[in-house]
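Each chain gets a letter, A, B and so on, in the order the sequences are listed, and its residues count up from 1. Note that the structure is a prediction, hence the values are computed from the model and not measured.
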2 protein chains.
Amino acid sequence: MIPDLSSPRPHAFPDAARPIGDPSWQRTAKLWSTLKEVCDLLRIPVTTAVAMQEDLFQHVQFKAGQRIHTIGQPFDVLYVVNSGFLKTVMIDAHGNDQILSFPMKGDLFGVDGIHAARYECEAVALTNCDVILIPFKKFSALGRAHPELESAIYGVMSRELIREQTMASMLGSLSAEARVARFLVYLSERFGELGYSGKQFNLRMTRNEIGSYLGLTLETVSRTFSAFNEMGLISVDQRAIDIKDFNALKTMRRLPASRNRKEKAAAAQQAAA
Amino acid sequence: MIPDLSSPRPHAFPDAARPIGDPSWQRTAKLWSTLKEVCDLLRIPVTTAVAMQEDLFQHVQFKAGQRIHTIGQPFDVLYVVNSGFLKTVMIDAHGNDQILSFPMKGDLFGVDGIHAARYECEAVALTNCDVILIPFKKFSALGRAHPELESAIYGVMSRELIREQTMASMLGSLSAEARVARFLVYLSERFGELGYSGKQFNLRMTRNEIGSYLGLTLETVSRTFSAFNEMGLISVDQRAIDIKDFNALKTMRRLPASRNRKEKAAAAQQAAA
DNA sequence: CGCTACATTGAGTGAGTTCAAAATGCGTGG
DNA sequence: CCACGCATTTTGAACTCACTCAATGTAGCG
């Protein structure tokens, strides 16, 4: 599109924005991982047979702002995030773009490339990061050799599909407040699973990027953060978030509410029958 | 044309609402299909080896209003639509529900069940329909025997993921008019591919269902149809649609527009590969 | 320091929702 | 066959949430 391949974004991601305990990217730079290590990252249970596989998967490092793949680029590898934070962006026919996900440690991306052998979206590093290249051919061949691995692959793809469905559902039915609350809950839970603090963390993305992801404007995101702050649900200062009332966020809705009244009534009727 | 067999819902789907050339469901009732027939339906290219497979897949018929599977139900089969129209519905923790897709001939559904071995959404027949049961175990075993088939399976799953991504993108960025226009374009193209008229067709779903799918209220859907009618883009009478200006629908946007200005500017900045 | 990107906050507007009422279409039961 | 009942659709009027436009504040970097 508009390739200006020089300078990575100026002052994009200060150290202060790193997560507590963020593995120092440069020092831990690893070059290869075994199949077992990849499966562990993806939270796939491994059998001994799989654990024995000696195939190695290459790591690649990207700096903040760098693009991992572009739209239309020929597909041949899937990616697993080992460290760092990314975004995936879809750009429609009219140049409108929309953020689809914020992959982080243990997430798989690039799956959309399988269908037409071209990536349908682009992936960009939000921070310096380390990703593992999974040549798709090799991966599916391993799946053929190890049925449990194969079904795990299907499982991971299915999980991705469910994620997108849940996203679509959220965009279709929740208010701005509810969307932002869910986003915070999601981040909190993910950070918790990754061993960081689920209460205090730093956002890796701009208000604009959050807005694009949630189908809102950056101003609405900012205002909603401020509102949560005043309500005592969180404390927010720029990218730094401190969750004070997790439960309130988790149960927040303020939904358009009556959109489905009749349909629900009908469903109740049918359930009774 | 077709005698309505005592459908549970009263006056749910009148004969007038059937598509031109709709295969007569009762008469063509088929009990089993070969792997090749299933692949053809799914638009998967088949090799001779696959064409030779003698495995048979069972058909099941559902009447309008019947449920194919529920949320939480144990997963063991995928479904391919042979005829008729369905909807898939996700219901969130608070009972809010959202329509995710309207599967029709050649579509696969149930993929979301793979991950947790339970369906994550429910599927309901909008019209009488005929679906093919694909036991997932059997399907993946066949994939292992025929690598081309396996990669086709991955391809179909990837296609589903892209569909959801595109949906999320649309819900996040398009105006009500643009969403409705896209919906009509989508239906028109699908009907065309299925050999029906892409210009004149009957909607198989209510305004409420369309609204749920598009993240709008039923009133907005109705008003938008009326507006398109007055603009001369379509002619609409209840469920009957006649598309007059396909191109205008296809290029319609009325997008929030400035949401991504800054981000686009930033996108010009690209780091070296 | 000044530059640039990012974030916050305010005021006004508008697209889409909510609530309400009337019209249409279809099946059922008299 | 017609009248009634029910689901659905259409249309109107008022409201409101989120967007737009704009100004100000903050943080890091050259």
(request) Starting at atom CG of B:Asn208, determine the distance to atom C1' of D:dT9, rounded to an integer number of angstrom. (result) 11 Å
(message) Among D:dT11, C:dG10, C:dG16, which nucleotide has an atom closest to any side-chain atom of A:Arg223?
(response) C:dG10
(message) For B:Lys250, give me all partners under salt bridge (Lys or Arg N to Asp or Glu O under 4.0 Å), at least two apart in sequence or on another chain.
(response) B:Glu189
(message) Quick check: A:Phe183 with A:Tyr213 (ring centres under 6.0 Å apart)?
(response) yes
(message) From CG of B:Leu218 over to C1' of C:dG16, roughly how many Å is that when rounded to an integer?
(response) 12 Å
(request) Please state how far atom CG in A:Leu203 lies from atom C1' in D:dT26, giving the value in whole angstrom units. (result) 16 Å
(message) Quick one about B:Thr166 and B:Ser169 (side-chain donor to acceptor, distance below 3.5 Å, no hydrogens or angles considered), yes or no?
(response) no
(message) Could you check whether the side chain of B:Arg239 and the base of C:dG25 have a donor-acceptor pair of N or O atoms closer than 3.5 Å, going by distance alone?
(response) no
(request) Take the protein atom CG of B:Leu126 and the nucleotide atom P of D:dT8, then report the distance between them rounded to whole Å. (result) 11 Å
(request) Determine the interplanar angle of the B:Tyr119 and B:Tyr79 rings, folded into 0 to 90°, and report it as parallel if under 30°, tilted if 30 to 60°, perpendicular if over 60°. (result) tilted
(message) Can you measure B:Phe225 atom CZ to D:dT11 atom C1' for me and round it to whole angstrom units?
(response) 16 Å
(request) May I ask you to verify whether the side chain of B:Arg179 and the base of C:dG16 hold a donor-acceptor pair under 3.5 Å? (result) no
(request) Report the nucleotide, chosen from C:dC6, D:dT10, C:dG16, that has the shortest atom-to-atom distance to any side-chain atom of B:Ser175. (result) C:dG16
(request) Can you tell me the distance, in whole Å, between the CD atom of B:Gln238 and the P atom of C:dC26? (result) 8 Å
(message) Walk me through whether A:Asp112 and B:Arg163 qualify under salt bridge (charged side-chain N to carboxylate O under 4.0 Å, His left out).
(response) CA-CA 10 Å; A:Asp112 56 271; B:Arg163 222 185 41 71; over 6 Å; no
(request) Ignoring backbone atoms, establish whether B:Thr217 has a side-chain N or O less than 4.0 Å from OP1 or OP2 of C:dT17. (result) yes
(message) I need the CG-C1' distance between A:Leu216 and D:dT20, as an integer number of Å.
(response) 15 Å
(request) Name the closest nucleotide to the B:Ala176 side chain, picking from C:dG16, C:dG25, D:dT20. (result) C:dG16
(request) Would you tell me if any nitrogen or oxygen in the side chain of A:Ser226 comes within less than 4.0 Å of OP1 or OP2 on C:dT9? (result) yes
(message) Quick check: any donor-acceptor pair below 3.5 Å linking the side-chain of A:Glu219 to the base of D:dC21?
(response) yes
(request) Check every strand shown and say whether B:Thr220 touches a base, only sugar-phosphate, or nothing at a heavy-atom separation below 4.0 Å. (result) base
(request) Mark yes or no for a side-chain to base donor-acceptor pair under 3.5 Å between A:Arg207 and C:dT9, with no hydrogen or angle criteria applied. (result) no
